[in-house]
Amino acid sequence: MTTRRKSDGAAEARNNRLLGQRLALSRSAKGLTLAELAAIVGGGHQLIQRYESGEMAVPFGRLVQIAQALDTPLKTLIGDAFDADAHEEPESRAVLQIARLAGRLPASKRAVLVAVARELGRP
């Protein structure tokens, strides 16, 4: 006989937040607004905002649509959100801010930002 564990609400909320952060980061990096992404995948911008804030779980089929719209591998969006040791990185807000700013830059300036980030990431 298989026993089912009751859902851990805190873990579920954490996973929704982690996924939401990755969605927001990917969307911002592509330079899309909430409304633009919503127009591509269907639904309103408020729905996408609720996904990104972690307030609402993203149905798997919708997650696949979003990943395709963002030209981002599904694995990148999910990441370690479902690993037992998953936790929010303290820098995630800063990274999200940088991605939002980068998404608004023209392609030439975005390329420079990427080059700087690569250089900073070298040992």
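Quick note: residue numbers are just sequence positions, from 1.
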**Contact check, side chains of Leu18 and Gln21, non-hydrogen atoms, under 4.5 Å** = yes

**Inter- and intrachain pairs under salt bridge (Lys or Arg N to Asp or Glu O under 4.0 Å), touching residues 32-54, at least two apart** = Arg27-Glu52, Arg50-Glu55

**Message:** Is any side-chain heavy atom of Gln65 closer than 4.5 Å to one of Ile40?
**Reply:** no

**Asked** Taking C-beta and beyond as the side chain, do Thr33 and His45 meet within less than 4.5 Å on heavy atoms?
**Response** no

**Prompt:** Does the pair Leu120 and Val116 meet the rule for a side-chain contact (heavy atoms from CB on, under 4.5 Å), with working shown?
**Reply:** CA-CA 6 Å; Leu120 289 173; Val116 169; 3.9 Å; yes

**Complete:** Smallest heavy-atom separation, Pro59 atom then Tyr51 atom, equals CD-OH, 3.6 Å

**Prompt:** How close do Leu63 and Leu23 get, heavy atom to heavy atom, and via which atoms?
**Reply:** CD1-CD2, 4.0 Å

**Donor-acceptor pair, side chain of Thr76 and main chain of Thr72, under 3.5 angstrom** = no

**Message:** Please check: side-chain N/O of Arg22 versus main-chain N/O of Ile78, any donor-acceptor pairing under 3.5 Å?
**Reply:** yes

**Prompt:** What residues form a side-chain contact (heavy atoms from CB on, under 4.5 Å) with Ala67, not counting sequence neighbours?
**Reply:** Leu74, Leu77

**Asked** Any side-chain heavy atom of Lys30 sitting closer than 4.5 Å to one from Asp71?
**Response** yes

**Message:** Tell me the closest heavy-atom pair linking Ala38 and Gly43, and the distance in Å.
**Reply:** CB-O, 3.2 Å

**Side-chain touch Val112/Leu105, heavy atoms, less than 4.5 angstrom** = no

